[in-house]
Amino acid sequence: MKLTAVSGTRASEICRLRLVLHGAVQGVGFRPFVYRLATEMGLAGTVLNSSAGLVIEVEGTAEQLERFQARVEAERPPASVILAREASWLPPKGYADFRILASDESAEKTAAVLPDLATCPECLAELLDPANRRYLYPFTNCTRCGPRYTIILDIPYDRPRTTMRDFVLCEDCRREYTDPADRRFHAQPNACPRCGPRLSAPLAEAVRELAAGRIVALKGIGGFQLLVDARNEEAVQRLRQRKRREEKPFALMMPSLEVVRQYCHVSEAEAALLSSPAAPIVLLRPNGRPGIAPSVARSSPYLGVMLPYSPLHHLLMREFPHPIVATSGNLSDEPIAIDNDEALERLRGVADFFLMHNRPIARPCDDSVARVVRGRPSLVRRARGYAPLPVRLDRDLPPVLAVGGHLKNTVAIALGRQVILSQHVGDLDTLEARRAFERAIEDLCRLYRFRPQLVACDMHPDYASTQWAWRSGLPVIAVQHHQAHAVACAAENEVREPYLGVAWDGTGYGLDGTIWGGEFFLAERGRLERIAHLRPFRLPGGEVAIREGWRVAASLRFETFGREAVPEPALRRMLEAGVNSPWSTSVGRLFDAVAAMAGVARENRFEGQAAMMLERAIGGLTSEETYPLPGGDWRPLIEAVARDLERGEPAACIAVRFHNALANWIVEVAGQAGVRDVCLSGGVFQNGYLVERTAALLEGRGFRVWTHQRVPPNDGGIALGQAVLAAERS
Ligand code: ZN
Ligand code: ZN
Ligand code: FE
């Protein structure tokens with residue numbers, strides 16, 4: 001797709017890069033180094049030491065800033081160690097020069113807890129060195145890598161307050177731990193074969209099981225994973241049956257970047273993301289070469305792939321150097337299992353073999369999911385490797401606890417200008433999940449000594465999170481779902497009013513009690529005015545229609561062509577009488593309807609499936625052709641789709657015209673809104689084609705487009721928007 005190239009206006013535009021670095025970056029000459037580098041490169045900005053990390057801001061063209069970022073990593077002071085870093089691309093502030101700011105002591109103890117980091121090159125070398133005392137030891141780590149967030153029980157971070165507290169350091173390990181010159185000085189999870197955690201069974205047995213097509217439950221960093229040979233279709237299908245996960249794509253782990261390249265297109269940015277210390281699952285485009293079992297990801301245009309990130313994974317992939325499915329150890333959408341006994345119980349019917357160990361996991365942390373959007377990383381699921389790094393805002397918030405949505409739940413706490421977003425909790429449909437949700441809240445409050453004065457939640461009365469908020473006994477501010485989406489995007493990008501917030505998703509409770517999901521908000525003078533939305537349609541059957549997109553298609557045909565267009569008598573009566581057929585403006589449901597009409601997907605077996613399949617249907621097709629969608633009225637669009645179907649147009653053409661129509665509508669509304677900044681948020685914007693297309697069109701017309709970077713565009717990001725809006729309204 002050509003649209004991924006940075007467009008002309010964007011390349012010359014001045015932007016602001018914020019780099020937040022965590023680790024040994026204070027008292028090692030880092031600030032003078034940054035000052036010299038920025039000055040040498042002619043970049044204006046600031047550098048600030050804060051208890052939430054070293055915060056660097058520089059302004060320049062995207063190209064200059066990318067070079068700056070690379071040089072910071074490459075030329076940093078030798079005594080410094082960067083453990084975790086996150087970058088944000090923000091609107092410029094207009095810095096005139098470069099300054100070292102006085103230390104910011106106001107920020108609270110947000111730096112105390114760092115994320116889990118993938119095995120570093122030194123540890124990996126030791127792991128594979130037969131002469132090293134840690135040869136093949138699967139719990140090797142040092143101060144620069146290894147578990148952190150998943151072993152910490154309390155602050156300050158010190159061995160007795162981690163899940164390593166019951167392992168007594170041997171003499172050799174103690175020497176390393178107490179020697180300031182050693183790479184393992186104060187490495188809290190430091191361990192060796194003599195004194196550290198052990199596996200429950202020989203690794204070779206797990207390898208044998210995998211090779212035989214059996215399912216292995218492996219205790220990883222943030223919970224159990226279910227592994228199976230990804231080349232073995234029959235084995236992958238068995239995992240689907242047992243896990244009761246019919247069609248939702250599985251993530252893969254591959255032994256090396258070279259192997260990933262055998263199956264997927266991998267850009268430079270994607271390679272960097274895969275190999276970063278956070279080591280997330282990265283959504284990549286498959287290159288069509290055979291080898292991966294079709295059942296791994298039938299619906300998606302992408303394959304989710306990660307590299308080995310713990311010594312245990314490295315050792316396993318060394319013995320079994322093939323792609324494996326590595327999916328969360330749970331049933332369907334339940335939370336990930338973390339305790340040995342719990343896993344043995346819950347995964348009994350799923351796994352053939354358990355490879356466990358005796359290092360306890362303090363809290364669940366799933367694998368994160370990221371992708372490259374418009375050339376830069378964007379998180380789809382924020383968990384291992386990222387949580388609990390704070391999201392820094394441009395303003396202070398009061399102590400708000402935001403409890404998020406219902407699906408893909410995360411919760412957030414506001415500590416001054418830092419917002420800590422919890423790791424992905426998951427869908428709150430099961431009792432297990434609701435317990436995990438409550439634990440996530442207690443956990444954040446305890447770790448950060450946080451006492452909420454206010455709870456922010458969704459307006460949906462049936463969300464488990466909303467109900468928790470109202471039971472909490474604290475003052476509650478309910479925030480409209482799509483406003484939370486839009487504000488989350490604006491807040492993380494530090495976009496100031498006025499701006500246009502585009503919030504598109506599958507479902508959210510609207511201010512008028514109907515189901516929203518195709519909304520435009522003009523943010524101005526502290527207000528969010530809904531200036532446009534999709535023409536409302538009925539969802540015949542309510543909840544059922546959310547699953548069965550063909551019903552929505554019938555509803556749209558009913559409105560467009562009249563009652564004769566709906567042959568099913570029961571459905572027709574339902575639409576005529578308007579019984580059990582709530583109104584909706586959801587773009588997600590429009591995707592479902594068009595996917596059903598085009599014969600791409602009749603229903604959703606998991607959230608967003610039909611939309612994913614419609615994006616996949618585009619394949620490599622490029623086209624400027626579009627459907628009419630004047631002012632969000634889908635009737636002319638449905639007429640055009642019906643005509644194309646009669647003419648026997650292939651699904652790819654229908655899919656691309658539909659996506660283009662949506663992008664054009666955004667451009668139309670942006671033109672009417674009379675603002676320069678446009679924020680795109682909501683689950684619909686996980687659609688790579690739609691985001692790239694919309695951004696390119698808008699930027700070509702001089703708009704600045706903001707998409708999510710560190711916070712998911714889906715409901716995993718709304719806790720941030722809730723916190724910000726509740727703070728404004730409190
Ligand atoms: Zn290491
Ligand atoms: Zn030891
Ligand atoms: Fe949503």
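Between the side chain of R439 and the backbone N or O of P364, no donor-acceptor pair lies under 3.5 Å. Using a distance-only test at 3.5 Å, with no hydrogens or angles considered, a donor-acceptor pair links the side chain of Q480 to the main chain of Y509. Checking side-chain atoms of T410 against main-chain N and O of S422 turns up no donor-acceptor pair under 3.5 Å. With E497 contributing its side chain and R525 its backbone, the two residues share a donor-acceptor pair below 3.5 Å. D179 contributes no side-chain N or O that, together with a main-chain N or O of R175, makes up a donor-acceptor pair within less than 3.5 Å. Looking only at distances, a side-chain donor or acceptor of R16 sits under 3.5 Å from a matching main-chain atom of P91. A donor-acceptor contact shorter than 3.5 Å is absent between the side chain of S80 and the backbone of V28. Proximity of a side-chain donor or acceptor of E342 to a complementary backbone N or O of I338 within less than 3.5 Å is detected. Judged purely by atom type and a 3.5 angstrom limit, D339 has no side-chain atom pairing as donor or acceptor with the backbone of D341. Panel note: side chain Q418, backbone P390; no donor-acceptor pair is recorded below 3.5 Å.
Salt bridge status for R18 with D394: absent, with no side-chain N to carboxylate O gap under 4.0 Å. Of the charged side-chain nitrogens involved, at least one lies within less than 4.0 Å of a carboxylate oxygen, so that E73 and R85 count as a salt-bridged pair. Between K93 and E59 no salt bridge is recorded (no basic side-chain N to carboxylate O distance below 4.0 Å). Remark: D367 does not engage R381 in a salt bridge, criterion side-chain N to carboxylate O under 4.0 Å. The residues E492 and R382 are annotated as not salt-bridged, no charged nitrogen and carboxylate oxygen being separated by less than 4.0 angstrom.
A distance of 8.0 Å separates CG in L307 from CE in M253, rounded to the nearest 0.5 Å. In this structure, the separation between CG on L444 and CG on L401 is 8.5 Å, given to the nearest 0.5 Å. Of the inter-residue distances, the one linking R184 atom CZ with C192 atom SG reads 9.5 Å to the nearest 0.5 angstrom. One distance of note links CG of L101 with CD of E57; it measures 9.0 Å at 0.5 Å rounding. Atom CZ in R451 sits 13.5 Å away from atom CD1 in I413 (nearest 0.5 Å). In this structure, CD1 on I477 lies 10.5 Å from CD on E728, to the nearest 0.5 angstrom.
Close placement of the F139 and H357 rings is indicated, their centers lying within 6.0 Å of each other.
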Check the pair N409, S465 against side-chain contact (heavy atoms from CB on, under 4.5 Å), reporting the backbone distance first and the verdict last. CA-CA 8 Å; N409 177 274; S465 52; 4.1 Å; yes
Residues Q722, V400; criterion side-chain contact (heavy atoms from CB on, under 4.5 Å); working and verdict: CA-CA 9 Å; Q722 288 174 347; V400 189; over 6 Å; no
Starting from the C-alpha separation in whole Å, work towards a yes-or-no answer on side-chain contact (heavy atoms from CB on, under 4.5 Å) for R31 and V34. CA-CA 5 Å; R31 286 180 302 169; V34 170; 5.8 Å; no
Can you list the steps and then say if D505 with F685 is a side-chain contact (heavy atoms from CB on, under 4.5 Å)? CA-CA 8 Å; D505 64 3; F685 292 105; over 6 Å; no
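In this pair, F33 and F30 present their aromatic rings perpendicular. The plane angle is above 60°, beyond the 30 to 60° band.
Remark: R359 is not positioned above the aromatic ring of F167, lacking an NZ or CZ atom under 6.0 angstrom from the ring centre and at most 45 degrees off the axis. Remark: R434 is not positioned above the aromatic ring of W468, lacking an NZ or CZ atom under 6.0 angstrom from the ring centre and at most 45 degrees off the axis.
L48 is not listed as a side-chain neighbour of L54, based on a closest heavy-atom distance of 4.5 Å or more. Contact of the Y309 side chain with the L117 side chain is not registered, since no non-hydrogen atoms from C-beta on lie closer than 4.5 Å. At a threshold of 4.5 Å between non-hydrogen side-chain atoms, the residues M459 and T466 do not count as touching. Using a 4.5 Å cut-off on side-chain heavy atoms (C-beta onward), Q225 and K219 make no contact. A 4.5 Å side-chain heavy-atom check between M356 and F224 finds at least one atom pair inside the cut-off. Side-chain contact between I221 and I361: absent, with no pair of heavy atoms (C-beta onward) separated by less than 4.5 Å.
Partner of N714 under the side-chain contact (heavy atoms from CB on, under 4.5 Å) criterion, out of H485, E607, K408: K408 alone. Of the options L218, N340, L347, a side-chain contact (heavy atoms from CB on, under 4.5 Å) to F354 is made by L347 and by none of the others. Residue Y157 is tested with V113, I151, L114 for a side-chain contact (heavy atoms from CB on, under 4.5 Å); the sole match is I151. Partner of C145 under the side-chain contact (heavy atoms from CB on, under 4.5 Å) criterion, chosen from C123, S310, P189, P277: C123.
Within 6.0 Å of the CZ atom in R446, the count of heavy atoms belonging to other residues, nucleotides or ligands exceeds 12. Within a 6.0 Å sphere centred on OH of Y35, other residues, nucleotides and ligands contribute 12 heavy atoms or fewer. Atom CZ of R99 has 12 or fewer neighbouring heavy atoms from other residues, nucleotides or ligands inside a 6.0 Å radius.
Taking both residues in full, the closest heavy atoms of P77 and G29 are given as CG-O, 3.6 Å, listed atom of the first, atom of the second, then distance. In this structure, C142 and R183 approach most closely via the heavy-atom pair SG-NE, 3.4 Å. S50 and R392 get closest at one heavy-atom pair: OG-NH1, 4.3 Å. Smallest separation of non-hydrogen atoms from E494 and L393: OE2-C, 3.8 Å. Across C679 and C489, no two heavy atoms sit closer than the pair CB-SG, 3.7 Å. A pairwise comparison of heavy atoms in L379 and A370 identifies CD2-CB, 3.6 Å as the closest pair.
In this structure, a donor-acceptor pair under 3.5 Å is absent between the side chains of H424 and D366. The closest side-chain donor-acceptor pair between Y386 and E86, if any, does not fall under 3.5 angstrom. Side-chain N/O atoms of D182 and Y177 include no donor and acceptor closer than 3.5 Å. Remark: the T150 side chain and the D116 side chain contain an N/O donor-acceptor pair separated by less than 3.5 Å. No side-chain N or O of H406 forms a donor-acceptor pair with one of D427 less than 3.5 Å apart. Side-chain contact, N330 with E432: no donor N or O sits under 3.5 Å from an acceptor N or O.
For H708, there are no ring-ring contact (aromatic ring centres under 6.0 Å, His included) partners, not counting sequence neighbours.
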